[in-house]
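A, B, ... follow the sequence lines: proteins, then strands. Residue 1 opens every chain.
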Amino acid sequence: MSRQVNQVKLGAEFIADTPHRESNDRCLWAARMRRDKVAATLPEWEQMRDLASGIKEHALSHLDEYLVQFEENLASRGIIVHWAETAEDHNDIVLDILRSHHVATLTKGKSMTMDECAMREHLESNGIEVNESDLGERIQQLDNQRDSHIVMPAIHKLRTDVARIFAEKLGSDPANDDPTYLNSVMRADMRKRYVKAQAGMIGCNYAVAETGTIVMCSNEGDVDICATVPPLLIVTIGIEKVIPKQSDLPLFLRLLSRSSLGYDITQYTSHISAPAPGQEIHVVMLDNGRSERLGQSYWPVLKCMRCGTCMNTCPVFRRTSGISYDANYMGPLGLALMPSYDLHRYARLPFSCTHCGSCGDVCPVKVPLPELIFYWRQVVVENQQSLISHDLEEGLMGAALRNSTNLQHAEKLGLWALRHTPSAIAESGINPWAEWHSNPVPPEQTFREWYKDNACHNDKKTDK
Amino acid sequence: MKIGFFVPCYIDAIAPQAAISSFKLLRRLGLDPEFIESAACCGLPMKDMGYARTACKVEGAVASHMAGYDHIVMPSGICADQFRNHFEDVPQTPEIKQICHAAVDLVTFLHDIIRVDSLPWASFPHRVALHNGCHSLRYLNEARPSELMIPDFSKAADLLNLVDGIEVGYATRRDECCGFGGTFAIWDKSCSGQQGLDKVNDYARNGFRYVTSQDMSCLLHQSCVARKFGLDIKFYYIAEILNGDAK
Ligand code: SF4
């Protein structure tokens, strides 16, 4: 059985690291503030969210038609389409294509869908050199660590961390953490790799069925180099990325960058619809459980367009970092999605949430994240994936709260909320409340007692 | 108009002043609230942790005491949300549906139902930070969440502004969750504690010495964190100010 991820424990380690925590929180909160500012300039913002959600729901409920249309359009212009049912199928297909073209080294743009398949690791273990071209992703690759955010993979790191990693792996000056310098180190190193690359790989933001266009949004320009310089291009697309019409696209482009980073639009929006002369393009359409999810009550999670703004706004995510989720998708999206990949491994994730509801309100396609997180809590409990201490808690609280007489006993035993509940759910035996809180000042009497003394005779005048 | 008054378990035990001020305020406004003495807990803590079956037992038990009121006022946004939006583990009989519909948070009740437009007895000549609790804000629609690009409104601020001499303000991160989250505070004490500390530091940086909210559970958490870290801030449940009890 897979090992269960303990987000709380990993998160506590990050919280204790003040410089990293403060930087992560500050950068992501700044993105959320920029998002609020640019969204406020569009009077139609909320209508846009409704519309985008509606288009996604329509596309998902007609996926069979739109996928066929998309494939036919690609094929008519000489793009070769493959269908991968599982992550393993995906990796086998990609490896086959690369081997048949004798590819030894490639450059790859950022793609959560490829990461979901653990593709880089698979290719590397088969002797193929994979060079991540996105700056943040490259930092994470060199540091041998998962992404901490789907849009900003190394946002949890400080400049000094990057200087150290580049010095170790690329031979740069460890004392120089100037961003311009670090960028130039990355650029100089990648240029050599772009020239040598025999293939490029990219993901896809939107797959337009009507025109057979692969649309890719990025800010660094690396995706376009990956897509156009080498003679062979492989694109991985999750089947939920399809949208019906070209005329739907502007709506999504207007929402995407404003939501994720708070800028009006991404620096680059690339539309790929046919191979350049002498180029070969393969598209791998990935299912990996998506068509199964489509038939489940949590299917609205498939509307997600991976903008990452739910992570930027999440108070838990900002303080614990995406690393603490130890998952391909993290933050509120991760809570709502990862249990469907491995219920046991991610059983604790849905509880890493205060239910503040902010994620649901920022999501540009209205994925009902709070409801989905709630849903998974119940599924976890029903499937006994929970912790033994949870059951203790249920027993105690269920008995104490079922009627007011029991409750009064519980009160007399002393502030149940602080004594019974904590010691039952906390992993440590000691009072977890005390680490961050003073105990509340005990009131002289409960409301019930006050009511008996003062108000129950319904003498309104005495109250005034 | 038959009005029931529900006192959430945690308020009864730890923060009775919130209920006392609310109860007195309702009477002062000429109403005759009936304290539903036999009702205990709304089932939220179990529901929150995913225990639908236990929540069901608790919901069923509490509901049996709550029938027959036009409005059931409760001084707690988080519990009102539980009744109104999540009371779904018990069979949805017409009686249960009526109870869920009748359940209402004090602020919504004062602002939308009896439309209070003056509080001549209340004076609070201070600058006070208003913390809109997440449930009141995003699930009960008592104010515009900063995430939504809709016209601005705040029911709690409207009520507070009826108080003589008050100046209502906000923390810099106005709507950020303070980290209480019910059982979350115990499940993830570090994150909850850090969120609480960030929140009270935000008040302190902005020079606030008073904080109010329509959600007492947030205030309990925040006040205990503030005291632990030596911050001199006073926390009042909104009815304490509206009834003129806060000094
Ligand atoms: S769930 Fe919504 S907010 Fe989160 S990444 Fe997906 S589209 Fe963005």
*Name the option with the most non-hydrogen atom pairs under 4.5 Å to chain A; the candidates are B:I11, B:V225, B:L148.*
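If we count pairs closer than 4.5 Å to chain A, B:L148 comes out on top.
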
*asked:* Need one label for B:L137: side chain, backbone, both or neither, based on atoms under 4.5 Å from any heavy atom in chain A.
replied: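 Neither part.
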
*Tell me, for B:S223 versus chain A, whether the close heavy atoms (under 4.5 Å) come from the side chain, the backbone, both or neither.*
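Nothing of B:S223, per the 4.5 Å heavy-atom cut-off to chain A.
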
What's the shortest heavy-atom distance between [X] and [Y], and which atoms?
X: B:M149; Y: A:D36; answer: CE-O, 3.6 Å
X: B:A13; Y: A:P443; answer: O-CG, 3.3 Å
X: B:I36; Y: A:R448; answer: O-NH2, 4.4 Å
X: A:S352; Y: B:F184; answer: C-CE1, 4.1 Å

*asked:* Angle between ring planes, B:F23 versus A:W450, binned at 30° and 60°: parallel, tilted or perpendicular?
replied: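 Aromatic pair B:F23/A:W450 classed perpendicular.
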
Rounded at 0.5 Å granularity, tell me how far [atom1] in [X] sits from [atom2] in [Y].
X: B:D188; Y: A:T354; atom1: CG; atom2: OG1; result: 10.0 Å
X: A:I15; Y: B:C191; atom1: CD1; atom2: SG; result: 4.5 Å
X: A:W436; Y: B:S190; atom1: CH2; atom2: OG; result: 6.5 Å

*Do A:E22 and B:D198 pass the side chain to side chain contact (heavy atoms under 4.5 Å, CB included) test, and can you show the C-alpha distance, the side-chain angles, and the key distance before you say yes or no?*
CA-CA 10 Å; A:E22 286 183 349; B:D198 290 348; over 6 Å; no

*State whether a side-chain donor-acceptor pair under 3.5 Å links B:S146 with A:R32.*
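Yes - a donor-acceptor pair under 3.5 Å links their side chains.
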
*Identify which part of A:S358 has an atom lying under 4.5 Å from any heavy atom of chain B, answering side chain, backbone, both or neither.*
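Both parts, backbone and side chain.
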
_Region of A:Q7 that comes under 4.5 Å of a non-hydrogen atom in chain B_ =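 Contact with chain B involves the side chain of A:Q7 alone.
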
As an exercise: rank [options] by heavy-atom pairs under 4.5 Å with chain B and give me the winner.
options: A:V316, A:T313, A:V362, A:L42; value: A:V316
options: A:R35, A:Q445, A:E444; value: A:R35
options: A:W29, A:W45, A:W376; value: A:W29

_Centre-to-centre under 6.0 Å for A:Y451 and B:F5, is that the case here?_
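No, ring centres 6.0 Å or more apart.
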
*asked:* Is it the case that the ring center of A:F447 lies less than 6.0 angstrom away from the ring center of B:F35?
replied: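 Ring-ring flag for B:F35/A:F447: true, centres closer than 6.0 Å.
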
Going by an N to O cut-off under 4.0 Å, is there a salt bridge joining [X] and [Y]?
X: B:R173; Y: A:D25; answer: yes
X: B:E147; Y: A:K366; answer: no
X: A:R318; Y: B:E176; answer: yes

_Please check this pair: side chain of A:S438 against backbone of B:K228, looking for a donor-acceptor N/O pair closer than 3.5 Å._
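The answer is yes, because a donor-acceptor pair under 3.5 Å joins these two groups.
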
*Expected output: side-chain B:R138 to main-chain A:D361 donor-acceptor under 3.5 Å*: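 No.
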
*Going through the checks in order, is the side chain to side chain contact (heavy atoms under 4.5 Å, CB included) test met by A:T320 and B:Q194?*
CA-CA 10 Å; A:T320 58; B:Q194 186 65 51; over 6 Å; no

